[in-house]
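Here is the structure we will look at, set down as structure tokens.
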Amino acid sequence: MPSKYVFTITTGRSGSVFLTDLLEQNAPDSKVFHERTGYTAFGETTPDLSHFTLFNSVGNVPKVRDFWKRKFHHDSKIQKSNYIETSHLLSKAGLFENIDLLQPMAKEIHIIIMRRDIFKIVWSLYNRGDFANLGFTWLYYLDPRYPNKILLSDAFNKHGQVGWALWYVLEMFARAEYYKLLLADTQKVHIHDIDLSDITKEKGALSLLRDLGFKTTSKSLQMPPKANQSNSFKYGQKEEQRVRQLVDGLRFNAKEIAAKYYDSGMRLGTIKERR
């Protein structure tokens, strides 16, 4: 039975594959998963479409909570000391609203907030066409039309796909700050705020591993190569410049937005009326 659990809050396209490899190579006696735990796992140990859409539309409804009960029970049977899942999907389907179900089973719960330069994430999502079909966002990201969100998406809609990708990245940055507030006094929970540019260097990698409780030294550290990089781009330099100007022109403070939402008494997990 694992005593330590590690999860993430991240957007995707932000280095989670590198993080997975880093932990897999340097965290002994660990079971490490990236995004999907298996073909038969949907709705059992991996959220399915209904868990995403329900949580992000009406909140932490009983069906969502029942999923987390099943998942945590299953994960607790893993015959390793550490359970690590770097999937960016979990935090978007109510993981932290249901963390109380895991607390009795765990000695430590670590949450890694994984960041990367906003433009680089947006440019990668845009070139991959990840927001070309808004139905696709139900499966992997967040739909800007969801009613249960922190950041309003109206101002981003006029920019089409790139605007939706940008809204999504900013929403996830705001959610990271929101969950810091929500979990601030939660027993056994430890939050680590990192940037991809830091952990791809030896000093940053060592710092994270030690903060997670792994006794890694500069001599024993195994640094994986960069992974899952985008090597080709659909759009050219002119479009890249347009997107960069859009991102650079932002006036966005994730902490202020999250604090305003939190202090107002609003919660993502609160069950709302179905529309």
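Residue numbers start at 1 and run along the sequence shown.
Shortest non-hydrogen contact noted between Leu181 and Ala259 is CD1-CA, 3.9 Å. Contact detail for Leu208 and His192: the closest heavy-atom pair is CD1-CB, 4.3 Å. In plain terms, the two heavy atoms of Arg175 and Asn148 that are nearest each other are NH2-O, 3.4 Å. Between Ser153 and Lys149, the shortest heavy-atom contact is OG-NZ, 3.2 Å. Summarising the geometry of Gly59 relative to Val64, their closest heavy-atom pair is O-CG2, 4.3 Å, with the distance given to 0.1 Å. Across all their heavy atoms, Asn26 and Ser220 have their closest contact at OD1-O, 4.0 Å.
Atom CD of residue Gln79 and atom CE of residue Met1 lie 8.5 Å apart, to the nearest 0.5 angstrom. Taking CG from Leu196 and CZ from Arg13, the interatomic distance works out to 11.0 Å, rounded to the nearest 0.5 Å. The CG atom of Leu23 lies 6.5 Å from the CZ atom of Phe214; values are rounded to the nearest 0.5 Å. Rounding to the nearest 0.5 Å places CG of Leu95 at 11.0 Å from CG of Leu89. Rounding to the nearest 0.5 Å gives a distance of 5.0 Å between OH of Tyr5 and OG of Ser76.
Ring orientation note: the planes of Phe136 and Tyr140 are tilted relative to one another, at an angle of 30° to 60°. Ring orientation note: the planes of Trp68 and Phe72 are tilted relative to one another, at an angle of 30° to 60°.
The side chain to side chain donor-acceptor pair (under 3.5 Å) contacts involving residues 251-271 comprise nothing, where partners must be two or more places apart or lie in separate chains. Annotation: salt bridge (Lys or Arg N to Asp or Glu O under 4.0 Å) contacts involving residues 184-194, sequence neighbours excluded, comprise Arg115-Asp193, Lys180-Asp193.
A salt bridge between Asp29 and Lys4 is absent, with no side-chain N of the basic residue lying under 4.0 Å from a carboxylate O of the acidic one.
Glu171 contributes a side-chain N or O that, together with a main-chain N or O of Ile150, makes up a donor-acceptor pair within less than 3.5 Å. The closest donor-acceptor contact from the side chain of Asp198 to the backbone of Ile194 lies at 3.5 Å or more, if one exists at all. A side-chain donor-acceptor contact under 3.5 Å links Ser30 to the backbone of Pro28. Using modelled atom types, no side-chain atom of Thr8 and backbone atom of Ile112 make a donor-acceptor pair closer than 3.5 Å. Side chain of Lys272 to backbone of Leu268: a donor-acceptor contact under 3.5 angstrom is found. With hydrogens and angles disregarded, no donor-acceptor distance shorter than 3.5 Å links the side chain of Asp100 to the backbone of Gln103. In terms of modelled atom types and a separation under 3.5 Å, the side chain of Asn127 and the main chain of Tyr235 share a donor-acceptor contact. In this structure a side-chain-to-backbone donor-acceptor pair under 3.5 Å is missing from Lys77 to His73.
Partners of Gln161 according to the side chain to side chain donor-acceptor pair (under 3.5 Å) rule, which considers only residues two or more places apart in sequence or in another chain, do not exist here.
Under the 4.5 Å side-chain criterion, counting only non-hydrogen atoms from C-beta, Ile199 is in contact with Met114. For the pair His51/Lys71, no side-chain contact is recorded, criterion being any heavy-atom separation below 4.5 Å from C-beta on. Considering only heavy atoms from C-beta on, Phe119 stays 4.5 Å or farther from Asp248 through its side chain. Considering only heavy atoms from C-beta on, Arg70 stays 4.5 Å or farther from Thr45 through its side chain. In this structure, Ile9 and Phe96 have side chains that are in contact, with non-hydrogen atoms separated by less than 4.5 Å. Looking at heavy atoms from C-beta onward, Asn82 lies out of side-chain contact with Leu212 at the 4.5 angstrom threshold. Counting heavy atoms from C-beta on, the side chains of Ser218 and Leu206 come closer than 4.5 Å. Leu170 places none of its side-chain heavy atoms less than 4.5 Å from the side chain of Ile257.
The cationic atom of Lys92 (NZ for Lys, CZ for Arg) does not lie both less than 6.0 Å from the six-membered ring centre of Tyr168 and within 45° of the ring axis.
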Begin with the C-alpha distance, continue with both residues' side-chain angles, and end with the deciding distance and a verdict on side chain to side chain donor-acceptor pair (under 3.5 Å) for His34 and Ser16.
-> CA-CA 8 Å; His34 180 221; Ser16 58; 3.1 Å; yes

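Partner of Tyr141 under the ring pair (Phe, Tyr, Trp, His ring centres under 6.0 Å) criterion, out of Trp167, Tyr146, Phe131: Phe131 alone.
Aromatic ring centroids of Tyr83 and Phe33 lie under 6.0 Å apart.
Side-chain contact of Asp143 with Asn56: a donor-acceptor pair under 3.5 Å is absent, judged by distance alone.
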